[in-house]
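Treat the numbers as computed from the prediction; the structure is a model and nothing was measured. So you know, we letter chains A, B, ... as the sequences are listed, proteins then strands, and number each from 1.
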There are 2 protein chains.
Amino acid sequence: MSKTHTPETAAQDVETILKLLEGRWKLIILFHLFGGKVQRFSHLERLIPGISQKMLAQQLRQLEGDGIVLRTLYPEVPPKVEYRLTDWGQALCPVLDALLQWAEQRG
Amino acid sequence: MSKTHTPETAAQDVETILKLLEGRWKLIILFHLFGGKVQRFSHLERLIPGISQKMLAQQLRQLEGDGIVLRTLYPEVPPKVEYRLTDWGQALCPVLDALLQWAEQRG
DNA sequence: CAGTATCCCAGACGATACTG
DNA sequence: CAGTATCGTCTGGGATACTG
């Protein structure tokens with residue numbers, strides 16, 4: 001590890017990061033937004049079979065609160081909300097790719 | 001993402017990987033083994049304040065079962081058991097580093 | 001020393017219903 | 001359309017005690 005020093009602080013830092021991605025649905029939501037894709041709430045609902053409105057809303061709120069997802073509300077009737085990744089959220093893509101590469105290395 | 005194609009499969013692959021690291025104590029155990037360090041059960045217990053024997057054993061078993069940690073039992077009395085990372089487990093270090101780098105990028 | 005075995009609980013998650 | 005509210009379930013993890 002480059003800048004962190006003790007096993008404790010490094011482990012804790014990584015844990016904090018992983019918590020951002022924990023949650024039954026976050027990764028699949030993320031992957032439906034990678035590549036600059038923009039999705040409405042109802043569209044994500046249709047893209048992700050089995051998810052409830054409660055969970056979709058909750059996970060999106062958390063991703064938004066963590067600065068990974070950007071939420072845009074259009075003040076129309078009926079309401080229209082769009083979700084996309086922040087720049088930082090987009091930057092997660094190559095990192096997850098590194099994780100996949102690691103998994104492939106397994107002997 | 002390089003080789004995976006649909007958001008579903010990619011997300012699922014990453015989830016499978018992250019599950020290997022989930023668990024209240026796995027990361028801190030890992031960081032106490034990075035760099036080729038070898039530790040005995042009781043030593044890890046002392047290194048990790050607050051962990052119970054049950055949890056330490058459980059998390060080690062899972063890491064072992066997942067091929068990340070190597071367990072060596074010396075048939076002595078009293079028993080002696082050593083834990084170290086597999087090569088694959090060691091290879092996780094730079095990946096977690098990438099994760100830390102990403103976290104630092106946050107605007 | 002290096003573990004198991006039990007019991008318990010908080011919090012994550014799902015199902016369902018309701019709303020501005 | 002895009003959510004909240006409520007309730008029930010299930011499981012990861014903690015406390016404690018015991019063992020080859």
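- At least one side-chain heavy atom of B/Glu8 sits under 4.5 Å from a side-chain heavy atom of A/His32.
- Here the C1' atom of nucleotide C/dC1 and the CZ atom of B/Phe41 are 9 Å apart, to the nearest Å.
- Checked by atom type and distance alone, the side chain of B/Glu64 never pairs as donor or acceptor with a backbone atom of B/Arg71 at under 3.5 Å.
- The side-chain contact (heavy atoms from CB on, under 4.5 Å) test with A/Leu92 singles out one residue from A/Leu21, A/Leu85, A/Asp97, and that residue is A/Leu21.
- With rounding to whole Å, A/Leu56 atom CG is found 18 Å from C/dT16 atom P.
- Separating the CG atom of B/Leu44 from the P atom of C/dA2 is a distance of 9 Å, rounded to the nearest angstrom.
- Between B/Arg61 and C/dT4, a side-chain N or O to OP1/OP2 separation shorter than 4.0 Å is present.
- Counting only heavy atoms from C-beta on, A/Ala57 has its side chain closest to D/dT4 among D/dT4, C/dG3, D/dT16.
- Relative to the side chain of B/Arg71, the nucleotides D/dG13, D/dG3, C/dG3 differ in distance, and C/dG3 lies closest.
- Whole-Å rounding puts the A/Glu45 CD to C/dA15 P distance at 13 Å.
- D/dG12 atom P lies 16 Å from atom CG of B/Leu21, rounded to whole Å.
- With C/dC13, C/dC18, C/dA2 as the candidates, the nucleotide lying closest to the side chain of A/Gln53 is C/dC18.
- Remark: C1' of D/dG3 and CD of A/Gln62 are 16 Å apart, rounded to the nearest angstrom.
- Within the nucleic acid shown, B/Tyr83 comes within 4.0 Å of sugar-phosphate atoms alone, with no base atom in reach, counting heavy atoms only.
- Under a 4.0 Å N-O distance rule, the pair A/Lys19/A/Glu15 qualifies as a salt bridge.
- At least one side-chain nitrogen or oxygen of B/Arg24 sits closer than 4.0 Å to the OP1 or OP2 atom of D/dG14.
- Of the side-chain N and O atoms in A/Ser42, one or more sit less than 4.0 angstrom from OP1 or OP2 of D/dA2.
- Taking 4.0 Å as the cut-off between side-chain N and carboxylate O, A/Arg106 and A/Glu104 do not count as a salt-bridged pair.
- Atom pair A/Met55:CE and D/dC7:P shows a separation of 19 Å (rounding to whole Å applied).
- Taking atom CG of A/Leu60 as the reference point, atom P of D/dC1 lies 16 Å away to the nearest angstrom.
- Between the side chain of A/Trp88 and the backbone N or O of A/Val69 there is no donor-acceptor pair closer than 3.5 Å.
- Nucleotides of DNA chain C nearest to A/Gly23 and A/Pro79 differ in position, and the one nearer the 5' end is that of A/Gly23.
- Base-pair partner of C/dG20: D/dC1 (Watson-Crick or G-U wobble, both distances under 3.5 Å).
- Between A/Trp25 and the phosphate of C/dG14, there is a side-chain N or O to OP1/OP2 separation shorter than 4.0 Å.
- If you check every strand for non-hydrogen atoms under 4.0 Å, B/Lys54 touches a base.
- When both pairing distances are held under 3.5 Å, D/dT11 makes a Watson-Crick or G-U pair with C/dA10.
- Nucleic acid contact class of B/Gln59 (heavy atoms, under 4.0 Å, all strands): sugar-phosphate only.
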